[in-house]
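Below is one structure, written out as structure tokens, with a few remarks after it.
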Amino acid sequence: MTASVIRWEEVHERLRRSERFLSETLAETPERIEAVFRRRALELAREHTARYAAPGLPALIFTAVGENYAIALHQLAEVAPLRGCTPVPGAMRGIAGVLNLRGSICPVIDLGMVLSGSPSADGGSALILRAPATGVPAVLKADSVREVREIHSAGLGDPVGPPYLRPVPAGGFALLDAEAMLRALFPGKESRPQ
């Protein structure tokens, strides 16, 4: 058996190369950070897509005069507490008044009055609808907001009563089509009160 000679300079050079490789691999360069963020965004997108892959409609469940209703989230711009509105003399039935929404005067439609014929309680929630390109958003007055739930189209019944309400038997509430309701309330006004 022959004694091997250790070449310390080669060992030290290999250690230096390994240290450089590790420091470059673990360094927080902008390119590395961007790659990590991109990978994480893709992972989150896959998780989100898998979670909502079911053919359902995300909807907000709310109450109006003690009854539960739902509205599709894509019809809403926002939900806020309703701290009152200004009554309009001679306004048509169902219009509780108007309010100033970031500089625009918006009609407030009392869902209790429209859906059941009884006015809603004071206060409650403002369901602010998405505005069309040329109009002002309408505000729907609801008593309270309960939850967000996914509604499956297979579970929707045929309209009973107004054409803008479709019962969801499995949920014990009705799905409100706000656009159809506004078209019925304000015919010829491009679905929005002016």
Side-chain angles (χ1 to χ4, degrees), residues 1-64 68-83 99-104 106 111 123-157 166-180 191-192:
M1 185 165 163
T2 59
S4 61
V5 177
I6 298 175
R7 296 188 179 131
W8 289 107
E9 193 54 43
E10 288 178 16
V11 170
H12 288 280
E13 180 58 31
R14 282 194 344 224
L15 285 172
R16 281 191 290 274
R17 278 194 310 245
S18 295
E19 285 176 351
R20 273 195 309 269
F21 176 77
L22 280 174
S23 67
E24 289 171 4
T25 302
L26 299 176
E28 294 181 2
T29 64
E31 295 82 18
R32 179 165 169 71
I33 291 170
E34 183 178 341
V36 168
F37 283 153
R38 181 173 287 119
R39 251 192 330 267
R40 183 62 183 142
L42 289 172
E43 289 170 9
L44 288 171
R46 268 193 295 276
E47 290 173 16
H48 180 74
T49 304
R51 189 177 322 151
Y52 295 105
L57 175 70
L60 178 75
I61 311 299
F62 64 92
T63 60
N68 291 326
Y69 297 94
I71 185 170
L73 288 183
H74 72 268
Q75 291 187 326
L76 295 173
E78 66 183 286
V79 176
L82 184 63
R83 294 184 173 81
L99 62 83
N100 184 339
L101 182 66
R102 290 182 284 286
S104 295
C106 300
L111 287 173
S125 298
L127 309 180
I128 302 165
L129 300 177
R130 292 193 182 279
T134 59
V136 175
V139 176
L140 305 180
K141 179 181 178 186
D143 291 337
S144 65
V145 172
R146 300 181 55 101
E147 65 180 315
V148 173
R149 184 186 297 180
E150 188 173 77
I151 298 172
H152 297 279
S153 57
L156 290 175
R166 293 185 66 188
V168 182
F173 52 85
L175 178 66
L176 170 68
D177 181 347
E179 290 292 325
S191 80
R192 289 280 195 259

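Here the closest heavy-atom approach between residue C106 and residue V139 is recorded as CB-CG2, 4.0 Å. Contact record, L111 with A142: CD1-CB, 4.5 Å, taken as the closest heavy-atom pair. In terms of heavy atoms, A59 sits closest to I151 at CB-CD1, 3.5 Å. Heavy-atom minimum distance, D177 versus Q75: OD1-NE2, 3.0 Å. Across all their heavy atoms, S144 and S125 have their closest contact at CA-OG, 4.0 Å.
Between the CD atom of E150 and the CG atom of L73 there is a distance of 10.5 Å, given to the nearest 0.5 Å. Taking OH from Y69 and CD1 from I61, the interatomic distance works out to 12.5 Å, rounded to the nearest 0.5 Å. Distance CZ/F173 to CZ/R146: 10.0 Å, rounded to 0.5 Å.
The side-chain hydrogen bond (donor to acceptor under 3.5 Å, both in side chains) search around E19 returns none, not counting sequence neighbours. The side-chain contact (heavy atoms from CB on, under 4.5 Å) check on V11 picks up I6, W8, L15, with sequence neighbours excluded.
Using a cutoff of 4.0 Å between basic side-chain nitrogens and carboxylate oxygens, R17 and E10 are not scored as salt-bridged. Salt-bridge formation is detected for the pair E34/R38: a Lys NZ or Arg NE/NH1/NH2 atom is positioned less than 4.0 Å from an Asp or Glu carboxylate oxygen.
Around atom CZ of R83, no more than 12 heavy atoms belonging to other residues, nucleotides or ligands sit under 6.0 Å away.
Test L82, V79, L127, I128 against L140 for side chain to side chain contact (heavy atoms under 4.5 Å, CB included) and you get one pass: L127.
Counting heavy atoms from C-beta on, the side chains of L57 and H74 come closer than 4.5 Å.
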(request) Dump the intermediate steps for side-chain contact (heavy atoms from CB on, under 4.5 Å) on L129 and E179, then the final yes or no. (result) CA-CA 9 Å; L129 300 177; E179 290 292 325; 5.6 Å; no

